[in-house]
Amino acid sequence: MSLRLYNTLTRQKEEFVPIDASNVRMYVCGPTVYDFAHIGNARPVIVFDVLYRLLRHIYGEGHVKYVRNITDVDDKINERALRDFPELPLNDAIARVTAKTADQFQADVKALGCLEPTVQPRATDNIVGMIEMISTLITKGHAYVAAGEVLFGVDSMKDYGQLSNRKLKDQKAGARVAVDAHKKNPADFVLWKLSSADEPGWESPWGRGRPGWHIECSAMSKRYLGEVFDIHGGGLDLIFPHHENEIAQSRCVHGTDVMANVWMHNGFLQVEGQKMSKSLGNFTTIADVLKDWSGEVARFNMLRTHYRQPIDWTVASLEESKNILLDWRDRIGDVMTPRPDAEVVAALSDDLNTHGAITRMHILAKNGSVVALLGSLELLGIGLATLPREQNVLVKKQVEELIEARNQARNAKDWKRADEIREEIASKYYVYLSDLKDPATGVIKTTWEMRR
RNA sequence: GGCCUCGUGGCGGAGUGGUUACGCAGAGGAUUGCAAAUCCUUGCAUCCCAGUUCGAUUCUGGGCGAGGCCUCCA
């Protein structure tokens, strides 16, 4: 069976052929840790986690290397540090911001059912590698020093723009590129910039400074995955300029034709039909979502839409996702040896068609193929463990006492009293009841479940 | 201005050159003290115009429309 992936570089689905099937290598751009991750940030994390799981399924668990970086040097981090911890020295304040944000991120994505990547390098641990790369770029004539910055000269690369299919002269037509007198070409971008005494900085041949955004990923992917690797992923918005510039840096340093063979980009997310923004007040963090919904529901909800499509994140769809999972859980019961369904694997192998996989899983559920259904859920990284099931002992005892009281009232045909108790249970414990008649004996049994 | 996606039922959302999945919601029924849940049945769609074809929702071209990127951004 073959794996086919849509490659942004060629704008088409292609058969995936790893460079080394015993060491499949993937790099995904991770968070810049200046603020809590929002639900849009969760999308690539979940999508590429599914791909990671699929690759492990196909090539073997020990034969896939997944690197997701943490960007912990950035001017936005500095701003946030000054705002939140004005009393601390800047470096300490920065450490606070990045530690707090990175910890929250790890907790968030774990709750969303994501496996830990093989390596999660931090930019600040890789400054030396970046400086080496920048030196090489200068030596090879791809970069120059001007006005306290080291800049990559895009004119030094004949096919700059291959990923975004962008011609440099087209962009000038938009007249939106800031004109900086010190740049040879307005599209030239920063590799290194000098820091003032109160900004974070590292010693370098060009003075004490800090790296530009793009060079981090070039340095970290080289260190852990080599000069050319299999898959590079991230959000759609990273195609330009971030990935374009990563490609320029890495290829020019290494003298290679490509940086990664396959470039994959997930689509954006909207909230209730609107673009997510702080001004609209619909800026939803992962932690906000996890307050109201289990990680499984959130993850499943994300995977119901194909990763390249825009997704509309709504309460209605979360509700639907929850209902589907609860239904499946009830059908599954206890299965000891789950195995993924072959058609589900086939759907995922077609450019990560998670929606097709879920469609197939509906059929499995209907047919009672619980072994395949549970196995498929596991392949998608969706456990059913934290969905509401048994409640704590005290609540359980109280609810069951009330149910007993209600059933006594019902036996006495005191419907008013019975309905009052049902109301009480619903409002107090947030529980709904089902009266089910046993078809064999005709005895009515009352079951209950938490509502969420 | 340039680049890139996408237009399928009330909603979400697949696939296919030849009766248009699936889910939710809706309708009807079974069941129920009434509900809920469950089960069964069921109605509803391929943006427009050309072209290719015996036949297009699917392929090609044009149009109209929506969204994204071109500046930090998943």
Side-chain angles (χ1 to χ4, degrees), chain A residues 6 8 11 28-32 34-35 37-48 68 71 74-76 79 161 163-178 186-187 189 213 233-244 265-270 273 275-278 286 301-302 304-312 314 316-317 319-324 326-327 330-331 347 350 353-363 365-366 409-416 418-419 422-423 426 431-437 439 442 444 446-449 451:
Chain A
Y6 182 87
T8 306
R11 313 278 170 195
V28 174
C29 291
T32 299
Y34 71 100
D35 200 356
H38 57 70
I39 190 63
N41 293 310
R43 193 168 189 195
V45 177
I46 292 173
V47 163
F48 290 105
R68 185 179 65 212
T71 296
D74 182 274
D75 287 351
K76 268 181 299 202
E79 283 168 27
L163 181 69
S164 55
N165 194 16
R166 206 161 283 212
K167 293 167 191 69
L168 292 170
K169 58 176 183 292
D170 293 337
Q171 292 191 67
K172 289 181 196 164
R176 298 193 64 175
V177 179
F189 56 91
W213 176 35
L236 198 67
D237 54 325
L238 295 181
I239 295 174
F240 190 90
H242 183 54
H243 288 166
E244 197 68 80
H265 296 93
N266 61 274
F268 264 36
L269 176 146
Q270 295 191 310
K275 184 169 175 165
M276 183 161 54
S277 75
K278 283 180 178 167
I286 299 175
N301 195 243
M302 197 72 88
R304 284 172 61 207
T305 302
H306 184 86
Y307 76 94
R308 283 190 283 121
Q309 293 288 116
I311 184 172
D312 191 13
T314 65
S317 68
E319 196 69 49
E320 199 176 314
S321 296
K322 181 198 72 178
N323 288 337
I324 294 168
L326 287 175
D327 177 47
D330 290 345
R331 290 170 189 269
D350 178 16
N353 185 357
T354 50
H355 194 279
I358 288 166
T359 298
R360 169 67 182 161
M361 287 155 73
H362 278 293
I363 295 170
K366 244 183 190 145
R410 293 174 71 223
N411 289 336
K413 295 203 189 299
D414 184 353
W415 310 124
K416 186 164 173 288
D419 290 349
R422 181 164 64 197
E423 271 304 301
V431 159
Y432 67 84
L433 304 181
S434 299
D435 299 326
L436 295 171
K437 190 190 246 178
I444 289 178
T446 302
T447 60
W448 61 280
E449 193 145 24
R451 193 180 269 151

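Reminder, nothing fancy here: chain letters follow the sequence lines and each chain counts from 1. Both backbone and side-chain heavy atoms feed into the values below; hydrogens, waters and symmetry mates do not.
Between the C1' atoms of B:U16 and B:U8, the separation comes to 13 Å (whole Å). For the P atom pair drawn from B:C70 and B:U42, the interatomic distance equals 50 Å after rounding to whole Å. Spacing of C1' atoms, B:U58 relative to B:G17, comes out at 7 Å, to the nearest Å. Between the P atoms of B:A66 and B:C59, the separation comes to 23 Å (whole Å). Nucleotides B:A56 and B:U19 have their P atoms positioned 11 Å apart, rounded to a whole Å. Spacing between B:A35 and B:A74 at atom C1', rounded to whole Å, works out to 45 Å. Spacing of P atoms, B:G13 relative to B:C6, comes out at 14 Å, to the nearest Å.
Contacts of A:G356 with the nucleic acid, taken as non-hydrogen atoms under 4.0 Å apart, are absent. A:D419 comes within 4.0 angstrom of a nucleotide base, judged by non-hydrogen atoms across all strands. A:I358 comes within 4.0 angstrom of nothing in the nucleic acid, heavy atoms only. In this structure, A:Q270 reaches neither bases nor backbone, as no heavy-atom distance under 4.0 Å exists between it and the strands shown. Residue-level contact check: A:H306 touches the backbone only, with heavy atoms under 4.0 Å from sugar-phosphate atoms and none from bases. Residue A:S317 is out of contact with every strand shown, counting any heavy-atom pair closer than 4.0 Å.
Here the nucleotide nearest the side chain of A:Q309, chosen from B:G33, B:A74, B:A14, is B:A14. Of the candidate nucleotides B:G23, B:G13, B:A36, B:A36 has the atom nearest to the side chain of A:S434. The side chain of A:H355 lies closest to B:A21 when the candidates are B:A74, B:A21, B:C4. The side chain of A:H362 approaches B:G23 more closely than any other nucleotide in the set B:U5, B:G23, B:C34. Proximity note for A:R422 (side chain, C-beta onward) versus B:G15, B:A35, B:C69: the nearest is B:A35. Distance from the side chain of A:D435 is smallest to B:A35 among B:G68, B:A74, B:A35. For A:F240, counting side-chain heavy atoms from C-beta on, the closest listed nucleotide (B:C69, B:U5, B:A74) is B:C69. Nearest nucleotide to the side chain of A:E320, out of B:G23, B:A21, B:C6: B:G23. Taking only side-chain atoms of A:K76, from C-beta outward, the nucleotide of B:U5, B:C72, B:A74 with the closest atom is B:C72. Candidate nucleotides B:A74, B:U5, B:G33 were compared by shortest atom distance to the side chain of A:A418, and B:G33 ranks first.
Using the Watson-Crick or G-U wobble rule with both distances under 3.5 Å, B:U58 pairs with nothing in any strand shown. Across all strands shown, B:G23 forms a Watson-Crick or G-U wobble pair with B:C11, both key distances being under 3.5 Å. In this structure B:U38 sits in a base pair with B:A30, meeting the Watson-Crick or G-U test at under 3.5 Å. With a cut-off of 3.5 Å on both Watson-Crick or G-U wobble distances, the partner of B:U46 is given as none. Pairing partner, B:C6: B:G65, with both Watson-Crick or wobble hydrogen-bond distances short of 3.5 Å.
For the residue pair A:R304/A:S321, the side-chain donor-acceptor check at 3.5 Å is satisfied.
A close approach under 4.0 Å does not occur between any side-chain nitrogen or oxygen of A:K416 and OP1 or OP2 of B:C34. Side-chain N/O atoms of A:W213 include one lying less than 4.0 angstrom from OP1 or OP2 on B:C73. Look at A:N165 and you'll find a side-chain N or O under 4.0 angstrom from OP1 or OP2 of B:C4.
The aromatic rings of A:W213 and A:H242 sit parallel, their planes meeting at an angle under 30°, below the 60° perpendicular limit.
Atom CG of residue A:N301 and atom CD1 of residue A:I311 lie 6.0 Å apart, to the nearest 0.5 angstrom.
A donor-acceptor distance shorter than 3.5 angstrom exists from the side chain of A:R43 to the backbone of A:F268, with no hydrogens or angles considered.
Remark: ring of A:F268 stacked against base of B:A74; centroid gap under 5.5 Å, plane tilt under 30°.
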